[in-house]
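The next block holds one structure in the form of structure tokens; read it before the comments.
Indexing begins at 1, ligand by ligand and atom by atom, following the structure's order. All values reported here derive from a predicted model rather than from experimental measurement.
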Amino acid sequence: MRFWLTAASSLAPEVDYLILVLLAVSFITLGLVFGLMALFIVRYRAGSGIDRGQVRQKTWRIETAWTVATMVAFFGLFLWGADLYVRMFKPPPGALQIYVVGKQWMWKVEHPGGQREIDTLHVPTERPVQLIMTSEDVIHDFSIPAFRLKHDVLPGRYETYWFRADKPGTYHLFCQQYCGADHSKMVGEVIAMPGPEYERWLEQAGTSNTLAQEGQVLLMRFGCTGCHGENSPVHAPSFKGLYGSPVTLNDGKHMIADDRYIRDCILLPETERVAGYPPIMPSFSGVISEEDLLKIIAYIKSLGPERTS
Ligand code: HEC
Ligand SMILES: [Cu+2]
């Protein structure tokens with residue numbers, strides 16, 4: 001058993017460093033408090049002949065100094081941790097997006113090219129990867145200890161984080177939220193491979209259709225195109241250039257059409273009605289599965305970020 005876990009992602013060394021500094025500062029503080037306590041217990045014990053007569057004037061200098069010093073130390077640690085946390089959730093532009101759906105008791109992974117896997121996640125090294133995660137049933141937690149990442153995966157919403165794997169290898173993947181009888185079996189592997197090898201893996205795992213192409217088929221199957229299609233007689237917004245662009249709702253609110261927005265439009269259309277259109281879009285909650293939703297979103301994404309209409 002190794003004492004220290006491999007640090008295999010770009011942010012992992014910094015997380016380790018932060019933990020070490022946090023431990024060091026805590027131990028120093030602890031040592032100071034208990035050291036002084038022990039010293040005073042011994043020095044001023046009942047039998048000691050120490051001079052207790054001269055009560056010195058209280059000085060504010062020491063009081064202020066230790067208060068400020070501990071505040072600076074711990075607030076500094078907080079700022080450092082907060083900054084790291086923010087960076088963990090803000091992917092660099094151009095990150096490869098991979099979708100993860102948690103379910104009792106397995107992890108289903110979908111790559112943009114349509115490749116699917118269960119309880120394994122193949123990723124390229126030296127390239128930022130963003131995971132877009134959701135759950136089909138209860139709360140799970142997608143954790144890759146070697147990347148120093150864990151994040152709850154909740155039903156009904158998308159959670160994301162990103163990483164850049166720096167060392168090729170096979171790493172543990174755990175569900176870290178107790179999620180029912182077989183929670184302990186909800187484990188898997190993350191396989192980080194150099195770019196060209198990853199491309200080869202994609203090819204051999206390849207399906208005939210990309211996620212976006214499957215999404216396009218689903219739009220027909222669920223009848224979305226009947227209203228949203230180019231030649232539809234119904235007045236409904238086009239999906240062209242929708243992704244990432246601003247949308248005005250009929251209550252005056254402005255939104256950016258991201259994954260969450262599109263998901264809610266499909267499942268909870270009453271909550272987000274686009275301004276200038278009749279409120280006729282039905283809810284597809286319970287009709288479209290999480291995996292199919294991700295494909296539909298992938299298709300809408302593939303239609304580009306520039307809104308034409
Ligand atoms: C009965 C016609 C109809 C059907 C069927 C329909 N929609 Fe809609 N949809 C609309 C209308 C009208 C709007 C605009 C008003 C609103 O937001 O409810 C809309 C809005 C949307 C939006 C927000 C678009 C924007 O510009 O912000 C998305 C995304 C969307 N629909 C996706 C879908 C998907 C996916 C399906 C199929 C699963 C679907 N719709 C089926 C009529 C429809
Ligand atoms: Cu789980």
Side-chain angles (χ1 to χ4, degrees), residues 100-108 118-119 133-143 150-155 159 173-188 212 214-229 231-251 253-309:
V100 173
V101 178
K103 175 185 176 216
Q104 283 167 325
W105 287 276
M106 62 171 93
W107 294 109
K108 295 186 279 187
I118 287 182
D119 290 342
M133 308 177 285
T134 189
S135 164
E136 230 173 83
D137 38 46
V138 300
I139 300 177
H140 300 281
D141 188 299
F142 198 82
S143 156
K150 77 178 277 291
H151 196 59
D152 278 6
V153 173
L154 306 164
E159 294 294 331
L173 160 64
F174 295 115
C175 176
Q176 280 205 13
Q177 182 66 53
Y178 181 65
C179 59
D182 283 338
H183 160 69
S184 61
K185 293 192 190 127
M186 199 163 162
V187 293
E214 287 181 26
Q216 189 175 13
V217 173
L218 288 170
L219 283 193
M220 309 258 240
R221 179 160 2 123
F222 288 114
C224 318
T225 31
C227 293
H228 287 280
N231 307 316
S232 154
V234 180
H235 184 47
S238 154
F239 294 147
K240 271 209 194 86
L242 170 64
Y243 190 80
S245 57
V247 180
T248 307
L249 302 185
N250 62 1
D251 58 4
K253 258 194 249 156
H254 296 277
M255 297 268 181
I256 293 292
D258 55 6
D259 300 60
R260 185 211 60 80
Y261 168 80
I262 293 172
R263 176 202 171 83
D264 286 353
C265 280
I266 300 170
L267 300 184
L268 309 160
E270 334 60 67
T271 62
E272 288 172 347
R273 292 286 183 202
V274 185
Y277 293 95
I280 49 169
M281 162 129 180
S283 163
F284 288 85
S285 170
V287 177
I288 305 183
S289 73
E290 290 297 343
E291 282 163 280
D292 285 351
L293 266 177
L294 290 171
K295 288 176 193 158
I296 290 174
I297 292 172
Y299 173 64
I300 293 178
K301 240 180 232 186
S302 75
L303 295 178
E306 250 79 55
R307 186 140 217 190
T308 42
S309 63

Can you tell which of [options] gets a heavy atom nearest to [atom]?
{"atom": "atom 7 (N) of ligand 1", "options": "Lys240, Met220, His228", "result": "His228"}
{"atom": "atom 35 (C) of ligand 1", "options": "Asp264, Leu267, Ile266", "result": "Ile266"}
{"atom": "atom 24 (C) of ligand 1", "options": "Pro237, Gly226, Pro282", "result": "Pro237"}

[X] side chain near [Y] side chain, heavy-atom distance below 4.5 Å:
{"X": "Arg273", "Y": "Asp251", "value": "no"}
{"X": "His235", "Y": "Pro278", "value": "yes"}
{"X": "Met220", "Y": "Thr225", "value": "yes"}
{"X": "Ile280", "Y": "Val234", "value": "yes"}
{"X": "Glu136", "Y": "Met106", "value": "no"}
{"X": "Phe174", "Y": "Lys150", "value": "no"}

I'd like the atom name of the N/O/S atom in His140 lying closest to the Cu ion (ligand 2).
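For His140, the N, O or S atom at the smallest distance from the Cu ion (ligand 2) is ND1.
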Any chance you could lay out the side chain to side chain contact (heavy atoms under 4.5 Å, CB included) test for Val247 and Leu242, step after step, and finish with the verdict?
CA-CA 8 Å; Val247 180; Leu242 170 64; 4.0 Å; yes
Okay, side chain of [X], backbone of [Y]: is any donor-acceptor separation there less than 3.5 Å?
{"X": "Asp182", "Y": "Trp105", "value": "no"}
{"X": "Ser283", "Y": "Leu267", "value": "yes"}
{"X": "Asp152", "Y": "Asp141", "value": "no"}
{"X": "His228", "Y": "Pro237", "value": "yes"}

Within the 4.0 Å heavy-atom shell around [X], which atoms of ligand 1 are there?
{"X": "Val247", "result": "27 (O)"}
{"X": "Tyr261", "result": "23 (C), 25 (C), 27 (O)"}
{"X": "Ile280", "result": "1 (C), 12 (C)"}
{"X": "Pro278", "result": "12 (C), 15 (C)"}
{"X": "Arg273", "result": "16 (C), 17 (O), 18 (O)"}
{"X": "Phe239", "result": "28 (C), 29 (C), 30 (C), 32 (C), 33 (C)"}
{"X": "Glu272", "result": "17 (O)"}
{"X": "Tyr277", "result": "14 (C), 15 (C)"}

If you measure from each heavy atom of [X] to ligand 1, is any distance below 4.0 Å?
{"X": "Ile288", "result": "yes"}
{"X": "Ala257", "result": "no"}
{"X": "Pro279", "result": "no"}

Tell me whether Cys179 has at least one N, O or S atom under 2.8 Å from the Cu ion (ligand 2).
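For Cys179, the answer is yes, given that an N, O or S atom comes within less than 2.8 Å of the Cu ion (ligand 2).
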Counting backbone and side chain alike, does Met186 bring an N/O/S atom below 2.8 Å of the Cu ion (ligand 2)?
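Checking the Cu ion (ligand 2) against Met186, an N, O or S atom does fall under 2.8 Å.
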Test of understanding: given a 4.0 Å heavy-atom threshold, classify the contact between Leu242 and ligand 1 as side chain, backbone, both, or neither.
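Within the 4.0 Å criterion, Leu242 contacts ligand 1 through side-chain atoms alone.
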Tell me the contacting part of Cys265 for ligand 1: side chain, backbone, both, or neither, using a 4.0 Å heavy-atom threshold, strictly below.
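The answer is the side chain of Cys265.
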Backbone or side-chain N or O of [X] under 3.5 Å from ligand 1 N or O:
{"X": "Ser238", "value": "no"}
{"X": "Leu219", "value": "no"}
{"X": "His235", "value": "no"}

Does Arg263 pair with Glu290 as a salt bridge, N-O distance under 4.0 Å?
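A salt bridge links Arg263 with Glu290.
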If I compare all heavy atoms of Cys227 with all of Ser232, which pair ends up nearest, and what's the gap?
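That closest heavy-atom pairing would be O-OG, 3.0 Å.
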Which pair of non-hydrogen atoms, one from Cys179 and one from Ile139, has the smallest distance, and what is that distance?
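Nearest heavy atoms, Cys179 then Ile139: CB-O, 3.7 Å.
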Give a yes or no on whether Cys227 keeps an N, O or S atom under 2.8 Å from atom 8 (Fe) of ligand 1.
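Cys227 does not place any N, O or S atom closer than 2.8 Å to atom 8 (Fe) of ligand 1.
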